[in-house]
Q: 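Let me give you the structure first, and then I'll get to my questions.
All values below come from the heavy atoms of this structure, side chains included, with hydrogens, waters and symmetry mates left out. Because the structure is a prediction, the values reported are computed rather than measured. First listed ligand is number 1; within each ligand, the first listed atom is number 1.
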Amino acid sequence: MLTLFNARHFGHAPAFEIFRGERVPCFETPARAEYVREQLAARGHALREPHVDSRAVLARVHTPRYLAFLEHAWSDWEALDPANAQRQPFPSVWPVRTLRSDREPANFTARLGLYSMDNGSPLTAGSWAAAKAGTDAAASAAALLRAGEGAVFCCTRPPGHHAGADFMGGYCFLNPAAVAAQALREAGAARVAVLDVDYHHGNGTQSIFYGRADVLFVSIHGDPRTEYPFYLGHADETGEGEGAGFNLNLPLPAGSSAGAWFGALDAACARIARHRADALVVSLGLDTFAGDPISTFALHSDDFSRLGRRLRGLGLPVVFVLEGGYAAAELGVNAVNVIEGFEQG
Ligand code: Q9C
Ligand code: ZN
């Protein structure tokens, strides 16, 4: 499968994150994309660089003030104190209920909190460039589909599905899956479906399209009563306004088996077929793997081939976007299993 590789991903390499109150090495590492790249090369898949600048479509997915903040966040941080070059900024204050989010503060940490859903997206000097190259890959994939390509895989990081119109979170800064869906619409697809198979609910993507009937969002994920992102992803979230009926959440209890997961996939595929979409975007998180260190589903490597075959059965052109998956050494095999399962139908 034609793969767009985000070569800028390497510049986003945070040293640590906060996990259970302690500094730990990041789960979301550059090695993840390198394992996928190695496995793609070993199994004969061509890699290309993204060729489309996503700037225009990006501004229809994210808000201008969030994009302006993110693009300049690192230089603003460094300007506060030269020693900040060696430090990672984390938010520590957020405009929750009763506090105002319409006025952007001047203070850096206050702005960082305004544009963050959690403290789970460590920012580095290369974060903007890496995230922007990821949305460039997504826009490029949409252009390739319009030119007749049957499927394109975006091998990129950081992931994106927790990033909303104006916030980062859960290792995500910009949302390539949302950019792919929006770019497909602008390239002439009347209806697009987004299927999110990451272990975690794609709250950012859901919220971006929640009021729209042209982009159906379907997600299979750990039940938010116990699993991140906790505050979105319930089955009763079905869309609003014109988007009513165009959002489908299929939460599964933590610890669910592969059998239960594929049952949910059948329901997801049935809803996507009913949408009569012209194209599909798959948020391909691989943290449903049994060996994932921060998730609790139980898919094995051959189950990812089965996932690919099932998606091919929809008969749609597909943009695959890499999302989560933290068993890094197995990530390549699992990702390429999806791709080859799809190709082999
Ligand atoms: N720092 C994705 O899979 N919790 N994101 C981790 C807290 C957040 C996962 C521990 C998990 C986010 C794209
Ligand atoms: Zn995830």
Side-chain angles (χ1 to χ4, degrees), residues 6 9 12 14-33 36 88-92 94 112 116-124 127 130-131 134-135 138 154-164 167-178 194-208 219-224 226-233 249-252 254 256 261 281-299 304 307 320-328 330-331 334-335 338:
N6 172 8
H9 87 86
H12 176 68
F16 67 91
E17 66 179 69
I18 306 298
F19 184 64
R20 295 175 185 156
E22 297 193 299
R23 289 179 179 222
V24 302
C26 282
F27 291 97
E28 201 290 291
T29 58
R32 298 175 60 246
V36 177
Q88 285 177 195
F90 284 93
S92 55
W94 289 269
L112 184 59
S116 299
M117 63 177 275
D118 64 5
N119 75 344
S121 299
L123 192 73
T124 70
S127 298
T135 58
C154 298
C155 182
T156 188
R157 56 172 290 282
H161 73 151
H162 297 305
F167 59 87
M168 64 185 83
Y171 314 139
C172 304
F173 299 89
L174 299 173
N175 192 321
V194 179
L195 173 63
D196 191 320
V197 298
D198 188 279
Y199 178 80
H200 306 96
H201 176 252
N203 62 283
T205 316
Q206 170 173 311
S207 63
I208 287 164
S219 179
I220 306 167
H221 51 268
D223 190 325
T226 61
E227 304 310 292
Y228 184 91
F230 308 116
Y231 308 112
L232 211 66
N249 283 330
L250 299 164
L252 295 171
S256 287
W261 195 88
V281 176
V282 176
S283 263
L284 186 60
L286 298 155
D287 38 13
T288 51
F289 181 55
D292 195 89
I294 64 170
S295 309
T296 72
F297 288 172
L299 274 66
F304 291 104
L307 167 59
F320 291 93
V321 177
L322 185 63
E323 300 277 3
Y326 307 100
E330 288 93 348
L331 196 66
N334 293 343
V338 176

Q: So if I apply the side chain to side chain contact (heavy atoms under 4.5 Å, CB included) rule between Leu284 and each of Val338, Asp198, Asn334, Leu195, which one comes out positive?
A: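 For Leu284, the side chain to side chain contact (heavy atoms under 4.5 Å, CB included) check succeeds only for Val338.
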Q: Tell me which part of Asp287 gets within contact of ligand 1: side chain, backbone, both or neither, using heavy atoms under 4.0 Å.
A: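 The answer is the side chain.
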Q: Do any N/O/S atoms of Glu323 come under 2.8 Å of the Zn ion (ligand 2)?
A: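 Of the N, O and S atoms in Glu323, none lies under 2.8 Å from the Zn ion (ligand 2), which means no.
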Q: Could you tell me if any non-hydrogen atom of Glu323 lies under 4.0 Å from any atom of ligand 1?
A: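 Per 4.0 Å heavy-atom rule, Glu323 does not contact ligand 1.
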Q: Using a 4.0 Å heavy-atom cut-off, which part of His162 comes near ligand 1: side chain, backbone, both, or neither?
A: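 For His162, the contact with ligand 1 is made by the side chain alone.
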Q: Can the ring centres of Tyr228 and His162 be said to be less than 6.0 Å apart?
A: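 Yes, close enough.
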Q: For atom 6 (C) of ligand 1, what is the nearest protein heavy atom, given as residue, atom name and distance?
A: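 Of the protein heavy atoms, Tyr171 OH, 3.5 Å lies nearest.
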Q: With carbon and hydrogen excluded and only N/O/S kept, which atom of Asp287 is nearest the Zn ion (ligand 2)?
A: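 Relative to the Zn ion (ligand 2), the closest nitrogen, oxygen or sulfur of Asp287 carries the name OD2.
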Q: To the nearest 0.5 Å, what is the distance between CG (Asp196) and CG (Asn249)?
A: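 One finds 9.5 Å between CG of Asp196 and CG of Asn249.
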Q: Looking at Asp198, which of its N, O or S atoms is the nearest one to the Zn ion (ligand 2)?
A: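 It is OD1 of Asp198.
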Q: How far is atom 5 (N) of ligand 1 from the closest protein heavy atom, and which atom is that?
A: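 Going atom by atom, the protein heavy atom closest to atom 5 (N) of ligand 1 ends up being Gly170 O, 3.1 Å.
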Q: I need the Leu123 CG to Met168 CE distance, nearest 0.5 Å.
A: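 Spacing of CG (Leu123) from CE (Met168) equals 6.0 Å.
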Q: So does Leu252 get a backbone contact from the side chain of Ser256, meaning a donor-acceptor N/O pair under 3.5 Å?
A: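 No, the answer is negative, given that no donor and acceptor are paired below the 3.5 Å cut-off.
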Q: For ligand 1, which atoms have a heavy atom of His161 less than 4.0 angstrom away?
A: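 Counting atoms of ligand 1 from 1, those under 4.0 Å from His161 are 13 (C).
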Q: Can you list the ligand 1 atoms lying under 4.0 Å from a non-hydrogen atom of Gly324?
A: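 Answer, ordered by atom number: 3 (O).
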Q: May I ask you to identify the nearest protein heavy atom to atom 10 (C) of ligand 1, giving residue, atom name and distance to one decimal place in Å?
A: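 Ranked first by proximity to atom 10 (C) of ligand 1 is Phe19 CD1, 3.4 Å.
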Q: Counting from 1, what ligand 1 atoms have a heavy atom of Pro159 closer than 4.0 Å?
A: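 Answer for ligand 1: 13 (C).
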Q: I'd like to know if Arg20 contacts ligand 1, where contact means a heavy-atom distance under 4.0 Å to any ligand atom.
A: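 Arg20 does not count as a contact of ligand 1 under the 4.0 Å cut-off.
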Q: Examine Phe167 together with Phe173 and report whether their ring centres are nearer than 6.0 Å.
A: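 No, too far apart.
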Q: Applying the side chain to side chain contact (heavy atoms under 4.5 Å, CB included) criterion to His201, which one of Pro251, Ser219, Pro224 satisfies it?
A: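 Looking at Pro251, Ser219, Pro224, the match for His201 under the side chain to side chain contact (heavy atoms under 4.5 Å, CB included) is Ser219.
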Q: Considering the options Glu28, Glu17, Arg157, which one meets the side chain to side chain donor-acceptor pair (under 3.5 Å) requirement together with Tyr171?
A: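 Going through Glu28, Glu17, Arg157 one by one, the side chain to side chain donor-acceptor pair (under 3.5 Å) with Tyr171 is satisfied by Glu17 alone.
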Q: Looking at Trp261 and Phe297, would you say the former's side chain and the latter's main chain have a donor-acceptor pair under 3.5 Å?
A: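 The answer is no, because no donor-acceptor pair under 3.5 Å joins these two groups.
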Q: Any chance the rings of Tyr199 and Tyr326 have centres within less than 6.0 Å?
A: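 Between Tyr326 and Tyr199, which both carry aromatic rings, the centre distance is not below 6.0 Å.
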Q: Any N/O/S atom from His200 (main chain or side chain) under 2.8 Å of the Zn ion (ligand 2)?
A: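 For His200, the answer is yes, given that an N, O or S atom comes within less than 2.8 Å of the Zn ion (ligand 2).
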Q: List the closest protein heavy-atom neighbour of atom 4 (N) of ligand 1: residue, atom name, distance to the nearest 0.1 Å.
A: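 The answer is Tyr228 CD1, 4.2 Å.
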Q: How far is atom 2 (C) of ligand 1 from the closest protein heavy atom, and which atom is that?
A: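 Answer, as residue, atom name and distance: Tyr326 OH, 2.7 Å.
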Q: Would Asp287 and Ile294 count as a side chain to side chain contact (heavy atoms under 4.5 Å, CB included) if you check the C-alpha gap in whole Å, the side-chain angles of each, and the deciding distance to 0.1 Å?
A: CA-CA 8 Å; Asp287 38 13; Ile294 64 170; 5.6 Å; no
Q: Tell me, which protein residue and heavy-atom name are nearest atom 1 (N) of ligand 1, and how many Å apart are they?
A: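 Answer, as residue, atom name and distance: Ile18 O, 2.9 Å.
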Q: Under 4.0 angstrom from ligand 1, any heavy atom of Phe27?
A: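 Contact check Phe27 vs ligand 1: negative.
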